[in-house]
Amino acid sequence: MTKVMNVAMIGGGFMGKAHAMAYASMPMFFWPAPAIPHRKVVVDVTDGMAEEARLRYGFDEASSDWRAVVNRPDIDVVDICTPNNVHAEIAIAAAKAGKHIICEKPLARTVEEARAMHDAVKAAGVIHMVAFNYRRTPAVALAKKYIDEGRIGRILNFRGTYLQDWSADPDSPLSWRFQKKIAGSGTVGDIATHVVDLAHYLVGPIAEVNAITTTYNKTRPLQQGGVDKLGAAEKATDAERGEVDVDDEVISMLRFEGGAIGSLEATRNAYGRNNFITLEIHGTKGSIHFNYERRDELQVMFADDPADARGFRTVYTGPAHPYGNGLWPIPGLGIGYSETKIVECYDFFSAIAKNRQPSPNFEDGLLTELVADALIRSGETGLWEKVG
Ligand code: SOE
């Protein structure tokens with residue numbers, strides 16, 4: 001019999017929606033499922049918000065007291081979907097209570113917090129995961145397979161971008177994502193860390209960085225209410241303005257421990273770009289190109305193809321590819337954000353079932369945080385900065 005595991009989800013916003021959908025859908029896709037995640041309790045800031053989330057996301061119970069919930073003996077898994085400022089406190093308490101933990105990205109605001117979280121889960125011996133979901137896109141996992149099989153050869157170069165435009169309007173509100181005390185950093189922590197996670201997954205550890213960081217909009221209209229309001233749809237030009245004390249954009253050169261070189265660019269101010277995560281990897285035997293806005297496809301070039309057929313080919317991911325046994329039966333039916341979260345959920349519960357740490361876990365999250373810290377330091381000093 002597949003084990004039922006009770007989940008306490010802390011945070012009922014954008015990520016809460018994505019995780020709740022994954023809990024409901026994972027066994028529908030991956031059967032037999034490694035476990036059945038049961039939506040037991042959802043926690044939000046007020047009782048009213050929690051009750052709304054309970055109704056909407058299909059949990060049994062609602063609460064506004066995360067401390068009481070993570071200590072309940074009937075909870076198996078604690079899922080942290082809050083803004084970054086409470087990740088460490090909740091994760092450390094959940095680890096002490098012996099719960100398995102999945103935590104939204106970035107793992108923490110600072111290296112110190114990430115280290116404390118990693119120490120806590122290690123001491124507790126629980127399973128832990130950080131929710132960098134984009135490596136769960138089948139096309140990205142296929143790129144990893146080609147690389148691991150040596151089909152691209154030795155990696156020479158990595159180019160990663162994450163471009164969005166939801167904060168390009170200077171009158172879009174001052175959400176928590178623009179406040180250092182809550183977010184830790186701006187674009188660096190929010191989206192450049194996704195690129196760092198993908199670089200670590202596909203190429204290996206980043207050793208040093210040389211970055212430019214900048215803040216285009218030094219103030220933004222204060223936001224009404226605590227909800228995470230992304231973008232200009234909520235703009236309030238006549239509202240009082242508050243200070244933005246984080247970066248809007250980062251561009252960096254990279255050196256990898258394994259000898260490859262690369263670059264990373266991330267911004268939330270690129271008009272016309274939505275979730276433009278691109279990866280290009282050049283190796284001694286071929287190249288790979290991926291664009292999340294065309295996420296069913298992997299572009300791949302094998303240098304040993306016959307001379308008259310050389311060039312990038314488009315592989316549409318499907319049953320023959322990673323996670324193809326659980327997802328849709330025909331390539332091109334469409335992989336979406338939800339599918340990445342469903343696969344993430346499957347990998348997390350598989351790790352619990354096998355009692356083996358998944359990746360990326362809190363150790364990987366800490367390594368990514370060390371790179372984020374180096375990017376910010378380098379943005380300030382203008383020098384190459386070592387990671388760690
Ligand atoms: C906003 O930039 C955001 O919601 C990020 O925080 C997520 O990690 C990303 O996947 C989508 O955009």
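Each residue takes its place number in the sequence, starting with 1. The analysis underlying the following values was restricted to heavy atoms, covering all of them including side chains, and did not include hydrogens, waters or symmetry mates. In each ligand, atom 1 is the first atom listed, and ligand 1 is the first ligand listed.
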Check your understanding: Hey, which atoms in ligand 1 end up nearer than 4.0 Å to a heavy atom of Phe14?
Key -> 4 (O)
Review point. Any non-hydrogen atom of Tyr162 lying under 4.0 Å from ligand 1?
Key: yes
Check your understanding: Listed by chain and number, what are the side chain to side chain donor-acceptor pair (under 3.5 Å) partners of Glu61, not counting sequence neighbours?
Key -> Arg72
Check your understanding: Of the options Arg109, Lys96, Arg67, which is the one that meets Glu89 in a salt bridge (charged side-chain N to carboxylate O under 4.0 Å, His left out)?
Key -> Arg67
**Study point:** For Tyr134, atoms of ligand 1 separated by under 4.0 Å from a heavy atom
**Key:** 9 (C), 10 (O), 11 (C)
Point to revise | Near-ring test Tyr57/Tyr23, centroid separation under 6.0 angstrom | key: no
Check your understanding: Which atoms of ligand 1 have any heavy atom of Ile191 under 4.0 Å away?
Key -> 2 (O)
Point to revise | Over-ring placement of Arg54 relative to Phe59, 6.0 Å and 45° cut-offs | key: no
Study note, to complete from the structure: Note: ligand 1 atoms sitting under 4.0 Å from heavy atoms of Trp166 are 1 (C), 2 (O)
Review point. Should Gln164 be counted as touching ligand 1, given the test is an N or O pair under 3.5 Å?
Key: yes
Check your understanding: Hey, is Met15 one of the residues with a heavy atom under 4.0 angstrom from ligand 1?
Key -> no
**Study point:** Glu149 bridged to Lys145 by N-O distance under 4.0 Å
**Key:** yes
Review point. Applying a 4.0 Å heavy-atom criterion (strictly less than), which segment of Asn133 is in contact with ligand 1: side chain, backbone, both, or neither?
Key: neither
Check your understanding: With a cut-off of under 6.0 Å to the ring centre and 45° to the axis, is Arg295 in cation-pi contact with Tyr134?
Key -> no
Review point. At a 4.0 Å threshold, what atoms of ligand 1 neighbour a non-hydrogen atom of Lys105?
Key: 5 (C), 6 (O), 7 (C), 8 (O)
Check your understanding: What pairs of residues pass the ring pair (Phe, Tyr, Trp, His ring centres under 6.0 Å) test when at least one of them lies in residues 363-388, not counting sequence neighbours?
Key -> none
Check your understanding: What do you reckon, does Arg268 have a nitrogen or oxygen under 3.5 Å from a nitrogen or oxygen of ligand 1?
Key -> no
Review point. Within less than 4.0 angstrom of ligand 1, does His194 place any heavy atom?
Key: yes
Study note, to complete from the structure: Nearest heavy-atom contact between Leu366 and Arg115 is CD1-N, 3.8 Å
